[in-house]
Amino acid sequence: MEIKVLQDVKDIPTEVLVINKFEGEKTSQELANKYAVEKDHFEGKLGHTYLLHTLGQTNADKILVIGFGKKEEFNANKMREAVAKAVKKLQQIKAKKAVFDFDVNADYGKSATIGAMIADYSYDKYKSEKSHHLEEITFARFSEEDVNEGRIFGEAMKLTRDLANTPAQIATPTKLAEIAKNIEGIETKVFDKEEIERMGMGAYLAVGQGSSQPPKFIHMKYSSKNPKKKIAIIGKGICFDSGGLDIKPASSMLTMKDDMSGAACVLGVMQALSKLQPEIEVHGIIAACENMPSGSSYKPGDILTAKNGKTIEVDNTDAEGRLTLADALCYACELGVDEVIDIATLTGACVVALGTYASGIMGNNDDFVWKLIDTAKESGEIFWGLPMFKEYKDSLKSDIADMKNTGSRMGGASAAGLFLQEFVNCPKWAHIDIAGTAYLEKPQKEFIAGATGAGVRTLLNYITK
Ligand code: BES
Ligand code: MG
Ligand code: ZN
């Protein structure tokens, strides 16, 4: 779908003209006021649509009225939701081209574009029958600059969603490394198994040792000329999580190709950074591998030594993400970054606590965590703070090593956060658990089922603002 900007769209011929209606107000089109508002009492509740065939009375074949809700409550998030609804409706009527002319100020170009791109997304690579897509939409009033920024965000989300939707047979650690290397404007180093061994990443290595797919440690770097600060973003990159020897039941394993959604998010963000060129240095880090059962798998009871020298008794091989992140966190902190953020489909406990609508967030600095929560809200995502009560650390105690990799099932998301903290050597660290939000089993709001690109918008907005 091509997205264009045209300042003056007045009376240009089009297949569908999309206009807005605030509750209690008229629209910009007489015909819509006559039929939608006066005759059919279309109220204009947020996301509601009304389709009008003009029968040649205007230059548009059809007018689609989209509800914007109450004018005083309108904001960028509502713009995104409304545009997404409009695009879905346009798909439904198999429209090819549409002109959007909204009666609002010009500031909404970015959110409108993101909304259109989220709604236009489909993953039908492997379907013989492809879904219908719009060929082109044109926005009136918005600035080319805002729409372009939205486009970059939208493309980043698309890359992230495509990767997380890709079956594990294709999206292997080697494939992720290849994709990282191919991102233009980003410097990428990929470390193979021997190098990972040499770096002393015993926790990460153990997780991948049961798979016939080799692990790949991926380090991407974006930098401007005079970076204002230096940050690291780490994505959990378990390309398939079978649980390992502590194998998952079939129903829980079904979606575990998505266990690299954190990594996919980092890849999407890095791609966008090279286009947005913010004044910052960002390290994108992924410890990619598969968690598989085999004769060479790591076992419950094994003792692993992480990069910082701490020893871990394996309590459950299905708590693998934190083991890979432990070494990645050590590596990131050694780069001397000012801030480090990890993003991971880490715990079922987080899904139980927050569902599929909000991601969990924890960290070692409240101001930093709150900044990310606020940025998420502005970005149209929800991050919800989870506690890290030090009392819960007791459950990670091991008789024979520095810690175990799992504690009590209760408060499991927090226990995972406390485990990760053992490997953090940076004053500002945040951990984002996207286990519930990264991948949907059924459609939700503007998202179809499957990968959502969770975290991409928030991280990009945080990094670039
Ligand atoms: N990848 C899973 C977490 C997950 C669950 C992601 C559901 C997405 C949806 C993780 O590796 C895992 O298996 N966690 C275990 C930890 C437990 C063994 C302490 C869990 O949450 O059950
Ligand atoms: Mg697991
Ligand atoms: Zn996992």
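Whatever order the structure lists them in is the order used to number ligands and atoms, beginning at 1.
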Protein N, O or S atoms less than 2.8 Å from the Mg ion (ligand 2), ignoring waters? Asp241 OD2, Asp318 O, Asp318 OD1, Glu320 OE1

Would you mind listing each N/O atom of ligand 1 next to any protein N/O under 3.5 Å, plus the distance?
residue: ligand 1; atom: 1 (N); partner: Lys236; partner atom: NZ; Å: 3.3
residue: ligand 1; atom: 1 (N); partner: Asp241; partner atom: OD2; Å: 3.1
residue: ligand 1; atom: 1 (N); partner: Asp259; partner atom: OD1; Å: 2.9
residue: ligand 1; atom: 1 (N); partner: Asp259; partner atom: OD2; Å: 3.0
residue: ligand 1; atom: 1 (N); partner: Thr345; partner atom: O; Å: 3.4
residue: ligand 1; atom: 11 (O); partner: Lys236; partner atom: NZ; Å: 3.2
residue: ligand 1; atom: 11 (O); partner: Asp241; partner atom: OD2; Å: 2.9
residue: ligand 1; atom: 11 (O); partner: Asp318; partner atom: O; Å: 3.1
residue: ligand 1; atom: 11 (O); partner: Glu320; partner atom: OE1; Å: 2.8
residue: ligand 1; atom: 11 (O); partner: Glu320; partner atom: OE2; Å: 2.9
residue: ligand 1; atom: 13 (O); partner: Lys248; partner atom: NZ; Å: 2.8
residue: ligand 1; atom: 13 (O); partner: Asp318; partner atom: O; Å: 3.0
residue: ligand 1; atom: 13 (O); partner: Asp318; partner atom: OD1; Å: 2.8
residue: ligand 1; atom: 13 (O); partner: Asp318; partner atom: OD2; Å: 3.1
residue: ligand 1; atom: 21 (O); partner: Gly348; partner atom: N; Å: 2.6

Describe, in one word, how the ring planes of Phe217 and Tyr331 are oriented to each other, choosing from parallel (under 30°), tilted (30 to 60°) and perpendicular (over 60°). perpendicular

Hits for salt bridge (charged side-chain N to carboxylate O under 4.0 Å, His left out) against Glu279, two or more places apart or cross-chain, chain-then-number order -> none

Is the Tyr123-Tyr121 ring centre distance short of 6.0 angstrom? no

Could you give me the CA-CA distance, side-chain angles and deciding distance for Val269 and Ile463, then say whether side chain to side chain contact (heavy atoms under 4.5 Å, CB included) is met? CA-CA 9 Å; Val269 168; Ile463 292 168; 3.9 Å; yes

Between Phe423 and Phe419, what is the ring plane arrangement, given parallel below 30°, perpendicular above 60°, and tilted in between? tilted

Aromatic Phe153 / basic Lys110 pairing, under 6.0 angstrom, 45° off normal: yes

Do His133 and Ser122 have side-chain N/O donor and acceptor atoms under 3.5 Å apart? yes

Using 30° and 60° as the class boundaries, would you call the ring planes of Phe102 and Phe100 parallel, tilted or perpendicular? perpendicular

Positive for side-chain hydrogen bond (donor to acceptor under 3.5 Å, both in side chains) with Tyr462, one of Lys371, Glu339, Arg457, Glu378: Glu339

For Glu145, is the CD atom crowded, meaning more than 12 foreign heavy atoms sit under 6.0 Å from it? no

Could you tell me whether Lys229 atom NZ has more than 12 heavy atoms of other residues or ligands within 6.0 Å of it? yes

No-hydrogen, no-angle side-chain donor-acceptor test under 3.5 Å, Thr311 and Thr305: no

Look at atom NZ of Lys299 and say whether more than 12 heavy atoms of other residues, nucleotides or ligands are closer to it than 6.0 Å. yes

Of the protein N/O/S atoms, how many lie under 2.8 Å from the Zn ion (ligand 3): 4

